[in-house]
Amino acid sequence: MNYPSALGNVAECQAWICQWQGHHQTTQELLRSVQQRRTNVPPLAFLHFCVYNRNGIFAFRAAPIQVSYVGFPGSMGAAFIDYLLADRFVIPEALESCYREDVVCLPDTFQCSSSRRIAEQTPTRRELGLPESGFVFCCFNGAYKIRPAIFDIWMAAHEALALQLATQPGLLTALRLRLEADRYTQPLFNVDRFRRHIEAAHQGMWENSAGG
């Protein structure tokens, strides 16, 4: 059995995910729901430590292969996690021994960003309530993550570069042009390339499991 056929009907899986109401259920209720639908559930389940996680479900082996991915790049330290998806920036080879899971490193990046996620129209400063001049510091994390101690660390680490960008328009323009070009040339923004790599990783996990 190869990995794609093991997924069963992809349309059925997608429909089930779209209709999922698991956040209203207890761990035991969720587990029963998953077990009842076992024939339509993909053989790979992804989980990690995060707020409101439901990792207790996976302690009961909700899926034949269970993978930690994206949200928490550290080890789960749990016997029921088989693999951890990463890359060599996130987990250098020398640190793999610190992980209980089998680390599967994707060739370029473990997290992909689409080059299309740019607003078609740029709002004006006035529309956003910003002053008409001056350098604007931005962060796209959830605001609750930006605590005073973290902000101080960022400022200490990036103050020199921030001052350069704020006072040297030419440097800022060069950086903007580089980022614009990278959106179309770097692996981080190549969705199809990333898709091939992560599907190959899934295939390898499934084959390893099927082969015992």
Run Ile91 and Phe110 through side chain to side chain contact (heavy atoms under 4.5 Å, CB included) and show every step you take. CA-CA 10 Å; Ile91 304 178; Phe110 86 119; over 6 Å; no

Give the C-alpha distance, both sets of side-chain angles, the deciding distance and a yes or no for side chain to side chain contact (heavy atoms under 4.5 Å, CB included) between Leu165 and Leu171. CA-CA 6 Å; Leu165 294 175; Leu171 181 63; 4.0 Å; yes

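Between Arg61 and Asp82 there is a salt bridge, since a side-chain N of the basic residue sits under 4.0 Å from a carboxylate O of the acidic one. Comment: Glu180 does not engage Arg176 in a salt bridge, judged by the lack of any side-chain N to carboxylate O separation of less than 4.0 angstrom.
The two residues Val90 and Pro73 come nearest to each other via the heavy atoms CG1-CB, 3.5 Å. The shortest heavy-atom contact between Asp182 and Phe189 is O-CD1, 3.3 Å. For the pair Ser68 and Met76, the tightest heavy-atom approach, listed with the atom from each and the gap, is OG-CG, 3.8 Å. Heavy atoms only, all atoms of each residue included: Pro123 and Gln121 are closest at CD-O, 3.5 Å. For the residue pair Arg100 and Gly77, the shortest heavy atom distance occurs at CD-C, 3.9 Å. Contact between Ala201 and Val104 at its shortest, heavy atoms only, is CB-CG1, 3.9 Å.
Counting heavy atoms from C-beta on, the side chains of Phe60 and Gln28 come closer than 4.5 Å. Using a 4.5 Å cut-off on side-chain heavy atoms (C-beta onward), Thr109 and Phe89 make no contact. Side-chain contact between Leu85 and Val67 is present, with heavy atoms from C-beta onward closer than 4.5 Å. In this structure, the side chains of Ile81 and Tyr99 stay at 4.5 Å or more apart for every pair of heavy atoms. Between Asn208 and Asp102 the shortest side-chain heavy-atom distance does not fall below 4.5 Å. In this structure the side chain of Leu179 never reaches within 4.5 angstrom of the side chain of Gln186, judged on heavy atoms. In this structure, Val103 and Tyr83 have side chains that are not in contact, with every pair of non-hydrogen atoms separated by 4.5 Å or more. By the 4.5 Å heavy-atom criterion applied to side chains, Leu175 and Gln168 are not counted as neighbours.
The salt bridge (charged side-chain N to carboxylate O under 4.0 Å, His left out) search around Asp87 returns none, not counting sequence neighbours.
The number of heavy-atom neighbours closer than 6.0 Å to CD of Glu132, taken from other residues, nucleotides and ligands shown, is above 12.
With hydrogens and angles ignored, the 3.5 Å screen pairs no side-chain donor or acceptor of Glu96 with any backbone N or O of Glu93. The closest donor-acceptor contact from the side chain of Glu159 to the backbone of Ala156 lies at 3.5 Å or more, if one exists at all. A donor-acceptor pair is defined here as one N or O able to donate and one able to accept, closer than 3.5 Å; no such pair exists between the side chain of Arg125 and the backbone of Leu128.
Between atom OG1 of residue Thr173 and atom CZ of residue Arg178 there is a gap of 15.0 Å, rounded to the nearest 0.5 Å. Considering CD of Gln111 and CG of Leu188, their distance stands at 8.5 Å, rounded to 0.5 Å. Atom CG of Leu106 is separated from atom CZ of Arg88 by 10.5 Å, given to the nearest 0.5 angstrom. Interatomic distance, His197 NE2 to Cys112 SG, rounded to the nearest 0.5 Å: 10.5 Å.
For Glu101 and Ser75, the side-chain atoms include at least one donor-acceptor pair closer than 3.5 Å. With 3.5 Å as the limit, one finds a donor-acceptor pair spanning the side chains of Gln203 and Glu207.
If you chain together hydrophobic residues whose side chains sit under 4.5 Å apart, Phe151 and Leu163 never meet in one group. Residues Val70 and Ile198 fall within the same hydrophobic cluster, defined by Ile, Leu, Val, Met, Phe, Trp and Tyr side chains chained together at heavy-atom separations under 4.5 Å.
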